[in-house]
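Just below is one structure, and these are the notes that go with it.
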Protein chains: 4
Amino acid sequence: MPTHPSDEERETRDSGKAGAVRTRRKAERPGEILEAAFEEFVQKGYAATRLEDVAARAGVTKGTIYVYFENKEQVFVAMVRELSRPVHVQAEEFAESSASSTAEFLRAYLCFLYRILATDPRGREIFRLLIAEANRFPELIDEHHQNFMGPVVRRLRQSLEDGAERGEIRRSSILEFPELLLSPALSLNISMLLFSDRRPIDMERHFEIAVDLLLNGLLQRPAGKADQPGQSS
Amino acid sequence: MPTHPSDEERETRDSGKAGAVRTRRKAERPGEILEAAFEEFVQKGYAATRLEDVAARAGVTKGTIYVYFENKEQVFVAMVRELSRPVHVQAEEFAESSASSTAEFLRAYLCFLYRILATDPRGREIFRLLIAEANRFPELIDEHHQNFMGPVVRRLRQSLEDGAERGEIRRSSILEFPELLLSPALSLNISMLLFSDRRPIDMERHFEIAVDLLLNGLLQRPAGKADQPGQSS
Amino acid sequence: MPTHPSDEERETRDSGKAGAVRTRRKAERPGEILEAAFEEFVQKGYAATRLEDVAARAGVTKGTIYVYFENKEQVFVAMVRELSRPVHVQAEEFAESSASSTAEFLRAYLCFLYRILATDPRGREIFRLLIAEANRFPELIDEHHQNFMGPVVRRLRQSLEDGAERGEIRRSSILEFPELLLSPALSLNISMLLFSDRRPIDMERHFEIAVDLLLNGLLQRPAGKADQPGQSS
Amino acid sequence: MPTHPSDEERETRDSGKAGAVRTRRKAERPGEILEAAFEEFVQKGYAATRLEDVAARAGVTKGTIYVYFENKEQVFVAMVRELSRPVHVQAEEFAESSASSTAEFLRAYLCFLYRILATDPRGREIFRLLIAEANRFPELIDEHHQNFMGPVVRRLRQSLEDGAERGEIRRSSILEFPELLLSPALSLNISMLLFSDRRPIDMERHFEIAVDLLLNGLLQRPAGKADQPGQSS
DNA sequence: CATGAATGAGTCTTCATTCAT
DNA sequence: AATGAATGAAGACTCATTCAT
C-alpha cells in the first residue's frame, strides 16, 4: 500500500499532455479511483480523507473524480460496494460447493470466513470502515447485512441443524446464535485492526485452535477424540 | 444529554459574578466537557466532530474547552482515558476477588467482560472509537493494550493453566490464544455496533449460550454433563 | 425549448456517418446554440449559467460550443447581437414607412416600441440582460445605444419637431428628452421583468392609456378633444 | 465607492493583532459588511462576486462574514433589505406630510420618487440588482412590491382620484395604471444604469420636463396655462 | 465537425484555534 | 475562568476550457 504514486503512475503523469494516456484507461478510471480511495479512507477515515489525495494516488486530478462520482459520500459508498462484491460473490460460490459431513463443512466454511474477515487485509479494513462509519452510512450496513452477514448466519444455522439431525453435533442452543461460530474470526479481525503491528499473530494456528475450541470446548472430557490441532499441524 | 445549556448552567453564566456556583462547577467542568465530547465523538467520529458542538453540549463555549485542554486531539485522548479508567479499575478489582473452581471463575470473568465490552454502551462505543481511530491515535491503542487487553489475556491464560493443572480443563492449545475466550463478547460488541437497532439481541442469553459453547464445544459427546443453558433457564 | 435532444438531432448523432443530415444542420448549429444560450442566460444570469447546460439545451455537447465560439463571453455577446438584430432591422424598416400626421405616426411608433420592449418576451429579457451585465459588457451597451436607442430617440425628436412645426404638437421642451415618450414602454418592461407573474397586466390597455397620457397630460382642459381611450375601446 | 480599502481601514488591518480593533466595531460589523457587499454586488453581480472581496472591502477576512451571515445568499438578501429600509421609511414618512392641491402634491411626490429611483445611486443600483436577480430571489421582489411599489402606486391612485374629484385633474383612465406617473423616473433610472457615463443627463431638468409632459401632454391646446419649464428656468 | 474525458484555477464554506475583554 | 469575535488554513465541489480521438 504505497503512499506515493507508483512509478508507473508517476510516469504516466509526467508524460504530460499525452492524450493517449487519458483514453487508454478511460474504462479503468473508476476502479482505480476506488482502489485509491480505499487506501486513503482506511488510513485516515472518511472525514479526514482529502479527495485530492485520493486523486493523486489514482494518478488523476481532483476534477476527474467528479467525472465519475457524485461526491465524496458516493465515492465512499461505491468503494465499499466495489470491494465488498468479490467477497459476496465468493460467499455465494462457496454456498454452492456442498460438503460431506457437517464437521467437515463447518471447518471449511470457517476457514473461508477467516480468510475473508481476518486474513485478507481488504476484508479486514472494510470491516473497520463499516464499524467506524456505521452511523454515517447506515445503508452500507444494511447492505452488508443483507448480502453477507445474513446469508452467512443462515448457512451456519442450517449447517448446525443438519449436523444435529445427523447426530454429529449436539443439539445445543447455539442454534439461537449461529454467529457465535464467527466470533473467533471476528475477534481476530479486531485484534489485527488494533494491534496488528504490535502483536504478530500466526493466523493459521489461530484458526486451528479456534476450531478445536468450537468443536470440543474447554472442559475435560472422559475421552478426547476430535481434532487435536496442537499435534496435527 | 441536553443540547442546550441547562437552566442551572445558564443561571451561572447569566448571573455573572455569582462566585459560589461558579467555583462549585469549576472543578467539574473538565469532566462535563469530556462527557459531552464522548457523545459527539461517538456520533460523528473524531474528524467530523466540531468542538463547538462539544462545548454546546457541555453547556460552555468554545473558548472554555481551551482552558482545560490543549487542542482537539487532547480532548479526544483525555476523553478516552477518562472513560476507560473506571473499566480498568474494575478489571483490576475483579482480579483481586479470587474464585474457587476454574469454570466458576471463568464464567464470572466472562460475564464481567461481557458487561464491559458489549452490554455497557460506554464500553461498546469506546471500542468503536478505538477501532476507527487506531491509526490516528496509536498511543491510545498502546494504553488500551497495556491497561486492559494485556492484563485480561494474561489473567485468562493463568486461569486456563490453573484449570488444566486442576484437571478441570483439558490441556488444549488454547493456551496459545486465551483471547479466544473473549471472542463471543467481542463479536457481540461488533454486532451491537453495527446492527444494534436492526437486530435486537437478548444479551443475557447470548452470554449463556456462548459460555456453553466455550465450555462444551459443538461435538456430540458420549455423555453430556456441563451447563445446558437452553434447558436450565 | 427542448431540454433533451430532439429525435431528429439524436438521429443525427446516432447515425454517425450520415452526411446529409449532418451538413444540413451544421449551418444551423450556431443559431441553435445561441437560442439555447438565451434561455439559460435569462434564467440564471451570465455568471451562473453553465455552458454545459446551454449545450444540452441545444442538443450538442460542451465541446461543440467551442467549435463555433471563442468562449463563454463570446457566446453571450453573439447571443445578444443575434437576438437584437431582428429588432434593429424592424426598427429601420419602420423608419422607412413614413406616416401622415405626427400624432398618427407617434402612436404607431410607440406601439411598435411597446411591442419590442414590453410585449415581446425576447426584447424584454434582452433588456434584463443588458441592465444586469452592463458593467461586464460595456461594448454591448454601446452597440445597443448605437443601433437602437440612439436612432429611436433621434427619430422621436425629429417627429416631435415636425409635429411642432405643423402645429400639431405644442413646442414644449420635451425636445430635450424625447426618450420620455419611451418611458411608459420601459416602465411596463420593468414591471413585467419584476412582477410579471404576480401582476398580470393588460398590455393593450396599458398602451392606450399611456398614449392618452402622453398626448393629453393629466390636467383638466377647457375642452377635451384628443383620444379618450377609456371610451373608444 | 472605493475599490480598495480606505486608508482608515487599511490602517486598522495593518495594526495587526491589536484586539481593540476587533471589539471596537463589533456592533458595526454587519452594517459594514453589507455596505461592502453592496458595492461588490453592484459591480459584479451576485454570482460573480467573491465573498472574499466583500470581506476585504469591509476590512475583515472571509471567515468574519460567516460570523454574521449564513451564506452568500443571506448576505445578498440582508444587503438589499438593509439598503431598502431607509427608502421604505422615507416613503412612509412622505405619505404623512399632506399637501394642498393635487398638482402640487404630485409634483412633490414625483420629485421624491425621482430622488429615490434615479438620482440616488443607491436606489438606482438596488433596482439593477432586483431586475438582474429577480429569478434567483423572488422573495426580495415580493418584499419590494409589498413595501414600496405597492404603497406608492396606491398613493398615486388615491391622489389622482382626489384631484379628479376636486376638478384639478381630468377624469382619464390613468386611474387604471397610476404607475404610469412613475415611468419617467423609472425610465431615467434605466438610462442611468445603462448609459450613465456615456450620456451625462441633467436630472433636474429631466424631472421638470417630465412633470410638464405628464401634466400637459403633448398636444397643442387652445391656451397653454400650466408649467412651461423650458421658458421658466 | 463533434465528442467528452480530463484538467485545475477558483469559490464557498467550515472550524480549530487565538486572544482581548 | 469564561467568552465569543475574528482568523485563515483547508477542503469539497464547480465549471470554463482543452485536446486526443
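Naming: A, B, ... by sequence-line order, numbering from 1 per chain.
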### Task
Ignoring backbone atoms, establish whether D/Arg29 has a side-chain N or O less than 4.0 Å from OP1 or OP2 of F/dA6.
yes
### side-chain N/O C/Thr64 vs E/dA2 OP1/OP2, d < 4.0 Å
no
### Message
Check the orientation of D/Phe41 and D/Tyr46. Use parallel for under 30°, tilted for 30 to 60°, and perpendicular for over 60°.
### Response
parallel
### Task
Could you run through nucleotides 10-17 of chain E and give me one letter per nucleotide, 5' to 3': B if any protein heavy atom sits under 4.0 Å from the base, S if only the sugar-phosphate is that close, - if neither?
BSSBBSSB
Could you state the atom-to-atom distance from [atom1] of [X] to [atom2] of [N] in whole Å?
X: A/Tyr68; N: F/dC13; atom1: OH; atom2: P; value: 18 Å
X: C/Ile65; N: E/dG4; atom1: CD1; atom2: P; value: 13 Å
X: A/Ile33; N: F/dA12; atom1: CD1; atom2: C1'; value: 15 Å
X: A/Phe69; N: F/dT14; atom1: CZ; atom2: C1'; value: 18 Å

### Message
Identify the stems formed by DNA chain E, where each pair is Watson-Crick or G-U wobble with both distances under 3.5 angstrom and a stem is at least 3 consecutive pairs.
### Response
E:2-21 with F:2-21
### Query
Does the side chain of B/Asn135 reach to within under 4.5 Å of the side chain of A/Lys44, using non-hydrogen atoms?
no
### Task
For the residue pair D/Leu130 and D/Phe137, establish whether any side-chain heavy-atom pair is separated by less than 4.5 Å.
no
#### Entry: Full working for side chain to side chain contact (heavy atoms under 4.5 Å, CB included) between B/Glu133 and B/Leu140
CA-CA 9 Å; B/Glu133 312 295 347; B/Leu140 285 182; over 6 Å; no
### Task
Output yes when a side-chain donor or acceptor of D/Asp53 lies under 3.5 Å from a complementary backbone atom of D/Glu40, and no otherwise.
no
### Query
Do D/Lys72 side-chain atoms and D/Thr49 backbone N/O form a donor-acceptor pair below 3.5 Å?
yes
### Which nucleotide in F/dT7, F/dG4, E/dT3 has an atom nearest any side-chain atom of B/Thr61
F/dG4
### Query
Can you name the nearest heavy-atom pair linking C/Ala78 to C/Phe69, along with the distance?
CB-CE2, 3.8 Å
### Task
Could you walk me through whether D/Lys62 and D/Leu51 pass the side chain to side chain contact (heavy atoms under 4.5 Å, CB included) test, one step at a time?
CA-CA 7 Å; D/Lys62 259 178 326 188; D/Leu51 237 31; 5.6 Å; no
